[in-house]
Amino acid sequence: MAFSAGIVLLGIGLVAIAIRRDLVIKLLALGLANAGSILCLVAIGDRPEARVPICAVCRDAVYADPLPQALVLSAIVINFAILALALVFVMRLVEHYHSTDSRRIEGLVQRDLREGGRS
Amino acid sequence: MIVVVLPLSHFVLGLFCYAGKRAARALAAVGWCLGAALTVFLMLETRDGSTVTVVLGGWSPGLGIELRFDAFAAVFFPLVLLLELAVILYVRKDDHRPLFYALLQFLLGAVFALLLTQDLFNTYVILELLTLVSFLLVGYERRPAQIWASLKYLVLASIGMSLFLIGIAVVYRHTGTLNLHLLADALSSSGDARWVALAGALLTAGVAVKAGLFTFSLWLPAAHSEAPSAISALLSGLVIKMGIVVFLRLSQLFPLELTLQVLGAATALLGAVYAAYAIDLKRMLAFSTLSQIGYLVLGMAIGTPAAIVGVLGYAVAHGLFKGLLFLAAGEASAVVGSGQFRDLAARRAEIPNATVGALLIGTLGIVALPPLAGFAAKAVLLTSHPGPFIMAVFALTSVGTTFAFSKLLPVFRFRREPKRKSARLAAYSVLSTPILFFIPLAAAAFPGLRLSPSAWPLLVLESVGAIAVGVLLHRLTERRAPRLPGSIFFLEESTLAILIGLLLVYALLRG
Amino acid sequence: MIARYALLALLPIVAVAALSQRRRLAAIIGMGLFSFLLAVVYLLLHAPDVALTEATIGAALITAIYVLAIRRTGRLAVVADEAPGLLAREGDRIVGLEYEILDRFARHLGLDLSVQIVPHRDVAESVRCGEADIGGGGLVPSGGEGALATRQHLETALFTIGGRGTEAGAESPTVRYDGCFADLDPQALYTGETGVTLDLARFLAVRRSETPDESVLRHPHRLGYAFLVSGRRRALHSELDAYLEGLRDSGELDRLIRRFLA
Amino acid sequence: MSRGSRLFHLLVIVSTGCVVLLVLLAFHSETPETAPYGTYVDRSVEETGATNRVAGVYLNYRLYDSLLEVLVFFVAVLGVRHYLGTRERAEIPTLAESEVVRTSAALLFPLALLLGVYLATLGQISPGGGFGAGAVAASGVLLASIALGIDAIERRLRRTTIERIERGALLVFLLLTLLPLPLGRPAMSDLLPKGSPGAVLSGGAIPLYNTLIALKVLAGSWLILRSFVRHRGEI
């Protein structure tokens, strides 16, 4: 059930990236899409009436699988790193192109390339 | 046990690069020598076809992460070392900040790590590290156009990676392991269940964004042409091949022949068409990378062991001459001031002869002129009897490539008294020699490789024929350059393309 | 387990609500809330480590970075559509009469000027909802709509470049709120099938690009360009008015007009 | 919206809908009840000594992943520093912060640091871990920078020392993983005795790795936040 929620979040994120024109909202949507895939990974580790995988003697009860949780720790921090960098790039773009609309920036970049030749 | 030292040593050296600018350059050389020594040692160990395997932490393969030095790594390590040496020599003169050398070391460490890892989630983390480092290197000179290209690259690669992560979730849910070899057995026993196709589609889509396949990598032309030339060489020559390596591993797990055939053909043809009508040298090289990746993926679709050897050989050959071409193109555009073909031809006098020589050798390599690298690898591919469809696309791509590269003909005029000497002769020679003497070198490194002598005349004829047709076509259609749709490379369209690509791959896997 | 299904259902709702916000700050706060909800869901999935990491990194650090990134402290945020001569992009710089005035005004306040170019129908909205301090780009305000208009800083007039669409004696176009009254579509001018009403700045630009001589109709009544300031920023509004007054008295304004629009 | 973009939006929504449906149908078609879960379930406490089995996995069995992940974070910090570095503004306009915010921020700062230390050192017996600990401590320092102003914080936590701490922590982390090699044991195998499960000093080298990661993430996050604050002004 949580896996389905994760996939739906991924879908929402991708739709928002494609539809919303503002770069900051696109990055928020990217964060959402990544969070959706992380939710999927955590969801498969959980089992009906499982318990938190912290136990000195782990025989008697059903425990959630620790491996997906360990993998997800890295994934969350990687997404933070990517978002921080992408935001810095958006800030540089706004300073130069005075706009956060991706279509307008694309047009300005193409025009600069046509005019400025290469270097 | 030294297998793990290779990537980690590069990371440690990357950290030490911050001691100072001169130290960074010296450490780059130290790193290269260490890498070369370890590679030679490992290749000697695995000369008789065995592999060096280690599981980190001493656990069993099901628990720990397994690293293995096998045939794939043995083929790619020399390419990594050659390109590393060429780039270090190329950037020797311009004073880059320590950050550049640190990122270079991390990039190479990540490439070595990816070639060794046999674990699915480990592949994910390394691909993310590779994405981040190449994203920073593409935008290194902080020009706005570069920053925009690398931002698009990061967003799309991140989407691809989240698909890959969900693929890992599905695979782990049904098999309980992440080790590639244990997975291979688990997947073969589970037959054609629906979740196998789903997992295959998700993993393939995730890697395809990184590997440069048609619907998934619409960021590639902008990123590779905007990046500084030394970085473009590394990206096109090496980083993009990492996608191919992961594809080779995935094709052992999932029945990918049909998918690779369709995606490969689409990429090859799209790349050839856009390369044919590109007006800027570096952009044309980027599009030709796209088409050569399609060529490689098609080679993989053949599926026979000989084809895999051909694919590996051509990947190395392509890495060599595409790296050489980007390095030379970078210097030529810097000297002339603009990368457009007409400016390069008009101000041919200013380009040093060594650079034009490098461009010539690279072009001859990529159009597969006999005894050079391109021809040798393509010969192995052609003799692994591909299907008629693949053969047709091979021919079309070769003609397209020749058509695109014949735009450089006006530049290949020898001038006696060049205005300036190229400072980067050493870098070019490092890459030119293996291109020129590819066949003897390959025979020395891998004695098991034999090509039936009876096939030589036919292959030579085919290659020369393709070159002739390409040049002829270029002469005839000089004027009419059609307006190709540029909007498919926008950020929004590329996101949509990834989604449609995922649906396509799933259909092909289920089909 | 009702809590689990309720929360799982709530996640997409909060996400869609957050991403469909028009203002960036609201979207960021929405996503901060979403990360917090996600952390609670992880608790229900028996993953405390992940919940802690998601809460600290996802909710706290990422939101902090976003808020800092769109932060405007120490900057005078101007939002405008391009108006040739008044505020237009040239290479990677922005030049024009209005830009010059606002740049001096920002230095006068000790702030950095940051100009953001948006379609002209968004200018009024951005100023009204506080995302930007001042709206510009050749605006001719008619009615007070929650945004205060400063004194006119430049006389202007309306020109209708004729076309079969509008007969000569048509009553003057209803003076609307935005600057250029009609999207300046160069093709429409050349084909001439629709009449286009332009303000002075854009009319001069069109003349310079030598469109064919269609019938030009000049509308009588007096108009003037002005800046827009949010109704809540009365101090800034009076400050800007006083500054414009100072420019006019010192004769500096006429010199600037000659320089940019002659 | 022009006709073209409305068509494009429709296409996006339809294809995303198909992807979501397809993935859900295929995934839920045959989900095995007793999934063959990894073999971590029972023996991990004995082998790693950490009762928090998640810490046992990502700091012992799969330490290589965590190492690469910390490298990704380090590269991100380098990137932020490189792209924001040249645009720093000398004077930071401090905002007239209401007194309530200042005192509460000053009050919360030590608590956040304390929580960070707790999570970092006891990551192997209670939920916690290096990443969360570093992040909590970093947001604590951010609170302090709100309360006392960035210049006050920068005087005590100068940027160069923070960068040296970050690189030092990462270097020690890298060398520790290579240490078992000269001793003839496979890389990343255990260094310290495991101790009795549940005790404070249990879990072999896990507390050490946890602390190193926490230190690295704290220094890295603070460098990122500091670059943003220097570039954009106070909160």
Side-chain angles (χ1 to χ4, degrees), chain A residues 1 3-21 33 36 40 43-45 47-48 50 52-59 62-92 95 103, chain D residues 5 8-9 11-13 15-17 19-20 23-24 27-28 35 37-38 40-42 44-45 51-59 61-62 65-66 68-70 72-77 79-80 82-84 87 125-127 129-132 134-135 197-198 217 220-221 224 227-228 231-232:
Chain A
M1 182 48 200
F3 187 87
S4 324
I7 298 292
V8 167
L9 290 180
L10 176 79
I12 295 172
L14 293 182
V15 164
I17 287 177
I19 286 184
R20 284 302 298 261
R21 301 279 283 279
C40 292
I44 64 159
R47 274 177 273 156
V52 173
I54 297 175
C55 54
V57 178
C58 315
R59 287 287 179 289
V62 173
Y63 290 92
D65 185 352
L67 186 106
Q69 299 178 18
L71 306 183
V72 153
L73 282 179
S74 306
I76 290 179
V77 178
I78 286 175
N79 290 332
F80 167 66
I82 284 182
L83 277 179
L85 269 176
L87 261 177
V88 165
F89 270 35
V90 166
M91 281 157 67
R92 290 299 291 249
E95 263 154 35
R103 267 297 192 264
Chain D
S5 70
F8 175 73
H9 291 180
L11 197 59
V12 164
I13 292 173
S15 51
T16 316
V19 165
V20 170
V23 172
L24 291 187
F27 180 77
H28 288 301
Y37 274 90
Y40 297 100
V41 181
D42 35 28
S44 79
V45 180
T51 54
N52 176 359
R53 294 217 305 285
V54 175
V57 167
Y58 87 91
L59 282 176
Y61 293 127
R62 303 186 69 91
D65 281 347
S66 310
L68 284 170
E69 191 288 320
V70 170
V72 166
F73 191 81
F74 179 65
V75 167
V77 173
V80 169
H82 175 62
Y83 286 95
L84 276 187
R87 300 295 177 93
I125 49 175
S126 72
F131 306 120
V217 169
S221 310
I224 289 182
S227 302
F228 272 83
H231 182 259
R232 266 291 194 258

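Computed from a prediction, not measured in an experiment: that's the story for all the values here. By convention in this document, chain letters (A, B, ...) are assigned in the order of the sequence lines, proteins followed by strands, and residues within each chain are numbered from 1.
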Between A:Arg103 and A:Arg21, is there a donor-acceptor pair closer than 3.5 Å when you use the side chain of the first and the backbone of the second?
-> no
Region of D:Val54 that comes under 4.5 Å of a non-hydrogen atom in chain A = both
Among A:Leu14, A:Leu87, A:Leu10, A:Leu73, residue most engaged with chain D (heavy-atom pairs, under 4.5 Å) = A:Leu73
With a 4.5 angstrom heavy-atom cut-off, which part of A:Leu71 approaches chain D: side chain, backbone, both or neither?
-> side chain
Roughly how far apart are A:Asn79 CG and A:Ser74 OG, rounded to 0.5 Å?
-> 11.0 Å
Where do A:Val88 and D:Ile224 land on the side chain to side chain contact (heavy atoms under 4.5 Å, CB included) test, with the steps shown first?
-> CA-CA 10 Å; A:Val88 165; D:Ile224 289 182; over 6 Å; no
Just give me the residue among D:Leu59, D:Asn52, D:Val75 that pairs up with chain A most often, heavy atom to heavy atom, under 4.5 Å.
-> D:Asn52
Under a 4.5 Å cut-off applied to non-hydrogen side-chain atoms, are A:Ile78 and A:Ile82 in contact?
-> yes
Under 4.5 Å to a heavy atom of chain D? For A:Ala64 that would be backbone
Determine the option with the most heavy-atom pairs under 4.5 angstrom with chain D, choosing from A:Ile19, A:Val15, A:Val8.
-> A:Ile19
Just do the side chain to side chain contact (heavy atoms under 4.5 Å, CB included) check on D:Phe228 and D:Val80 with the steps written out, would you?
-> CA-CA 9 Å; D:Phe228 272 83; D:Val80 169; 4.3 Å; yes
How long is the gap from OH on D:Tyr58 to CZ on D:Arg53, to the nearest 0.5 Å?
-> 15.5 Å
If one checks every heavy atom of D:Ser126 against chain A at 4.5 Å, the contacting part turns out to be backbone
